[in-house]
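Beneath this line is the structure, given in structure tokens, with notes to follow.
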Amino acid sequence: MGTFLSLPSQQEFQDLAEKTGFSLEQIGILHRRFTQLSHGEATLRREDFKTIQDLSCNPIRCQIIEAFFDKRNLQKNGKGSVQEIGFEDFLTIMSYFRPPRLHMTEEERAGMRREKLRFLFNMHDTDNDGTITLEEYRHVVEELLSRSGALGKETAKAIADAAMLEVASISVGHMEPDEFYEGITFEHFLKIFNNIEIETKMHIRFLNMDTTTLCT
């Protein structure tokens, strides 16, 4: 039997608020949701996420779940993943989905944007080598397109290949016919999303809560 989760003390709530940017009230709401998912235990495991009905039909469900256990997203040293996460880890992941505050400096907003894009990049850089390769990109596109049943694997593969060529043209410009595009680096990723306001569009709703309301 695992260790059961106790309610954090007021000081622990304050410390978590400073680390994650959530208010004390928001941390209380997230603590209740964490407790529901973990069935009262002190840690969450992958199988706890697999019981979420809204997430079960998501075509990139595996990538979303893995993002919660990725050491890069948890701001831990080293590569790879962990087997379980505690409440502070859960808050760290949820903080990537917070919308910007009403009064943020340009520097703060740029920092939030970069953190959100790094989180998205990590989701697709599954082998943790700093590059989203054609195979990784193709896998995501195939999953998104073929899950509906409207397109076959080969058609989805062709669309993914064409999309990667388009990405290459944005990232590195003109390429010679014999040149090989190794993949999307994080700097390329920033360029691709240059005109998309990811700060306000990146939300999470499968936990039965709308993170557009989790702002300070």
Side-chain angles (χ1 to χ4, degrees), residues 30 33-34 37-38 43-76 78-86 89-98 112-151 153 155-164 166-167 171 181-193 196 198-199 201-212:
L30 289 166
R33 188 59 180 127
F34 180 93
L37 287 173
S38 70
T43 58
L44 277 173
R45 300 171 182 81
R46 288 170 177 80
E47 51 265 31
D48 295 317
F49 286 88
K50 292 176 181 177
T51 63
I52 302 172
Q53 188 172 359
D54 289 345
L55 187 56
S56 63
C57 356
N58 194 303
I60 57 170
R61 177 176 67 108
C62 292
Q63 286 96 324
I64 292 172
I65 293 174
E66 282 304 313
F68 278 80
F69 298 87
D70 190 324
K71 286 183 178 179
R72 295 171 296 179
N73 300 331
L74 295 170
Q75 300 169 15
K76 297 182 184 294
K79 294 183 178 181
S81 60
V82 297
Q83 296 304 309
E84 54 188 30
I85 58 171
D89 294 328
F90 180 74
L91 278 184
T92 298
I93 298 299
M94 292 300 293
S95 69
Y96 290 106
F97 297 92
R98 284 189 307 111
M112 170 179 269
R113 174 183 176 80
R114 190 176 183 90
E115 286 180 358
K116 285 176 178 280
L117 288 172
R118 172 62 77 176
F119 180 88
L120 289 177
F121 181 85
N122 290 345
M123 277 183 63
H124 303 306
D125 176 23
T126 54
D127 63 0
N128 210 327
D129 69 347
T131 302
I132 300 174
T133 63
L134 175 58
E135 283 304 313
E136 289 169 327
Y137 192 78
R138 182 185 290 155
H139 174 72
V140 173
V141 175
E142 285 179 358
E143 287 293 307
L144 289 171
L145 296 178
S146 63
R147 278 294 184 94
S148 65
L151 292 174
K153 281 282 186 182
T155 303
K157 175 179 177 298
I159 292 173
D161 290 353
M164 188 59 124
E166 179 65 22
V167 167
S171 303
Y181 184 55
E182 294 183 358
I184 305 168
T185 65
F186 182 58
E187 294 307 314
H188 292 167
F189 199 71
L190 291 176
K191 189 183 295 186
I192 293 163
F193 280 86
I196 299 176
I198 196 69
E199 306 95 291
K201 295 181 183 298
M202 188 170 156
H203 309 311
I204 187 167
R205 295 186 175 89
F206 62 79
L207 293 175
N208 297 326
M209 56 176 64
D210 185 350
T211 49
T212 59

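Scanning both residues, Ser38 and Thr43, for their nearest heavy atoms gives CB-O, 3.5 Å. In terms of heavy-atom proximity, Leu55 sits nearest to Arg61 at O-CD, 3.3 Å. Here the closest non-hydrogen pair linking Leu30 and Met94 is CD2-CE, 3.9 Å. Smallest separation of non-hydrogen atoms from Leu44 and Phe90: CD1-CD1, 3.8 Å.
Expressed to the nearest 0.5 Å, how far CZ of Arg114 lies from CD1 of Ile198 amounts to 14.5 Å. Between the NZ atom of Lys76 and the CD1 atom of Ile85 there is a distance of 9.5 Å, given to the nearest 0.5 Å. Atoms CD and CG, from Glu84 and Asp89 in turn, are 9.5 Å apart once rounded to the nearest 0.5 Å. Rounding to the nearest 0.5 Å places CZ of Arg45 at 15.0 Å from CD1 of Ile65. Between the CD atom of Glu115 and the CZ atom of Arg98 there is a distance of 8.5 Å, given to the nearest 0.5 Å. The CG atom of Leu37 sits 7.0 Å away from the CG atom of Asp48 when rounded to the nearest 0.5 Å.
Shown here are the side chain to side chain donor-acceptor pair (under 3.5 Å) partners of Arg118, two or more places apart in sequence or in another chain: there are none. A search for side chain to side chain donor-acceptor pair (under 3.5 Å) contacts involving Arg46 returns Glu66, Ser81, not counting sequence neighbours. For Phe121, the ring pair (Phe, Tyr, Trp, His ring centres under 6.0 Å) partners two or more places apart in sequence, or in a different chain, are Phe186, Phe189. Residues meeting the ring pair (Phe, Tyr, Trp, His ring centres under 6.0 Å) test with Tyr96, sequence neighbours left out: Phe119. For Glu47, the side chain to side chain donor-acceptor pair (under 3.5 Å) test picks out no residue, with sequence neighbours left out.
For residues 119-136, every residue pair satisfying the salt bridge (Lys or Arg N to Asp or Glu O under 4.0 Å) rule, not counting sequence neighbours, is listed here: Arg72-Asp125, Glu135-Arg138.
Side chains of Asp70 and Asn122: no donor on one and acceptor on the other come within 3.5 Å.
Below 30°, between 30° and 60°, or above 60°: for Phe68 and Phe49 the angle between ring planes is between 30° and 60°, a tilted geometry.
You'll find the side chain of His124 stays beyond 4.5 Å of the side chain of Ile184, heavy atoms only.
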